[in-house]
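Take a look at the structure below.
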Amino acid sequence: MADPVKQHVLDRLLRIAADRAAAPSVIRFTERQLYYELCRVFTPTHRAPRRFAFTVPAPLSYATFRTALDRQEFPGLLTPTPPRTTRAGLHTPEPDLFDYGLPRLLVCESDAIAQMLRANGLPMESACPVLSASELPLDPGIAEMLARVDGTIYLLHDASPNGLTFPARLADLTEIPEGVRVVPLGLRPRQAGTLHLTHLRGAMSSAVAAQIDPREREALHRSESSAQIASVDSLDRAELHDPESSAETAQVRSSERQVLRPDSASSAWATHVDSCARDVQRAQAAQLDAWERAWLRRGRFVEVEAVRPASLLRTVHRLVREVRPPRTGLPELRRARTTGFLTWPAA
């Protein structure tokens with residue numbers, strides 16, 4: 001009797017989360033954005049004052065969310081599609097497409113977020129094409145368009161060791177024309193803490209972490225090589241009291257799991273550990289403060305999908321167009337507006 005009641009309650013909360021994710025103007029959202037919105041329904045810590053920086057563990061597992069999602073359909077939910085493989089510009093018959101200047105371009109670490117921004121019309125409304133990291137390198141025509149007007153490439157990434165090194169790795173993923181600026185928009189740990197977002201655990205990329213069961217991920221975390229632990233401990237020793245919860249989130253259905261076993265002596269595991277260590281070391285170059293370094297040392301990371309869809313859209317629109325929010329005479333409000341990415345969305 002308890003299971004049907006729990007299912008009914010979870011289904012009801014999921015419908016509430018879907019309505020909030022689509023608000024205020026029928027926004028299209030991804031599956032993971034809906035998951036994080038459901039987490040906010042369970043634990044509404046986003047209403048806490050933003051002057052206290054902290055992130056929270058998820059109140060329910062991703063597998064539980066997926067089970068409830070399979071029982072319902074939501075109009076605004078986007079269907080995941082593979083990254084585009086065709087070169088940009090091949091969909092139009094215009095022969096002079098690349099003869100113009102392109103003032104700005106947005107590159108997202110997450111392909112799902114790139115699809116979400118395109119589905120909600122950001123390229124048209126802000127005159128800013130949106131690509132994902134998997135769609136790099138840039139087409140030579142787009143690179144010439146950026147160089148023609150000394151344009152800007154904006155980057156949107158996770159608050160993780162791998163995400164924080166995304167700006168530094170961009171030059172390895174594509175050729176950046178001379179005179180083109182590269183501007184990271186976030187997400188940074190401090191910005192995630194200001195918004196009180198839901199964090200996951202593990203010093204690894206989001207794509208890998210999303211496929212690992214919490215118990216297996218904890219084993220991975222304990223069995224990391226001494227070289228990786230040393231690289232993390234080389235961060236600032238400052239500690240911040242932030243209560244932990246035993247709830248973990250980044251698990252999916254068993255048929256979809258692809259786990260790197262900690263007891264494996266394979267070269268793949270060694271390569272994975274070395275890659276994590278390099279990412280943490282390179283993330284130190286991102287000018288992190290003491291709170292952020294302590295936060296990363298605990299093995300936490302936050303995905304861009306954890307940001308509310310409406311806030312993500314509003315703020316990305318504002319940042320790529322370089323629209324400054326109105327100034328105020330109150331010092332506390334000025335500090336709140338300059339705290340970081342996605343902390344003061346424009347109306």
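Atom CZ of Arg12 sits in a sparse spot, with 12 or fewer heavy atoms from other residues, nucleotides or ligands closer than 6.0 Å. For Gln72, the CD atom counts as densely surrounded, since its 6.0 Å shell holds more than 12 non-hydrogen atoms of other residues, nucleotides or ligands.
Under a cutoff of 6.0 Å and an axis angle of 45°, Arg66 and Tyr35 do not form a cation-pi pair.
Using a distance-only test at 3.5 Å, with no hydrogens or angles considered, a donor-acceptor pair links the side chain of Gln115 to the main chain of Thr81. Checking side-chain atoms of Ser160 against main-chain N and O of Phe301 turns up no donor-acceptor pair under 3.5 Å. Within the 3.5 Å criterion, the main-chain N or O of Val56 finds no donor-acceptor partner in the side chain of Arg300. Here the side chain of Thr174 pairs no donor or acceptor atom with the backbone of Leu170 at under 3.5 angstrom. A donor-acceptor pair under 3.5 Å is formed between the side chain of Asp158 and the backbone N or O of Val304. Side chain of Arg118 to main chain of Pro123: no donor-acceptor pair is present (N/O by atom type, distance under 3.5 Å, no hydrogens or angles). At least one donor-acceptor pair under 3.5 Å links the side chain of Arg104 to the backbone N or O of Ser126.
Distance check, rounded to the nearest 0.5 Å: CG of Leu155 to CD of Glu109 gives 10.0 Å. Distance CG/Leu195 to OG1/Thr55: 11.0 Å, rounded to 0.5 Å. Taking CG of Leu313 as the reference point, atom CG of Asn120 lies at 4.5 Å (rounded to 0.5 Å).
In this structure, a donor-acceptor pair under 3.5 Å is absent between the side chains of Thr45 and Thr43. Remark: the Glu305 side chain and the Thr30 side chain contain no N/O donor-acceptor pair separated by less than 3.5 Å.
Under the rule for a side-chain contact (heavy atoms from CB on, under 4.5 Å), the partners of Pro24 that lie at least two apart in sequence or sit in another chain are Ile27, Ala310. For Ala21, the side-chain contact (heavy atoms from CB on, under 4.5 Å) partners two or more places apart in sequence, or in a different chain, are Phe29, Glu37, Pro309.
Relative orientation of the His199 and Trp295 rings is perpendicular, given thresholds of 30° and 60° on the angle between their planes.
Among residues at least two apart or in separate chains, there is no salt bridge (Lys or Arg N to Asp or Glu O under 4.0 Å) pair with a member in residues 14-27.
Here the closest heavy-atom approach between residue Leu60 and residue Phe65 is recorded as CD1-N, 4.3 Å.
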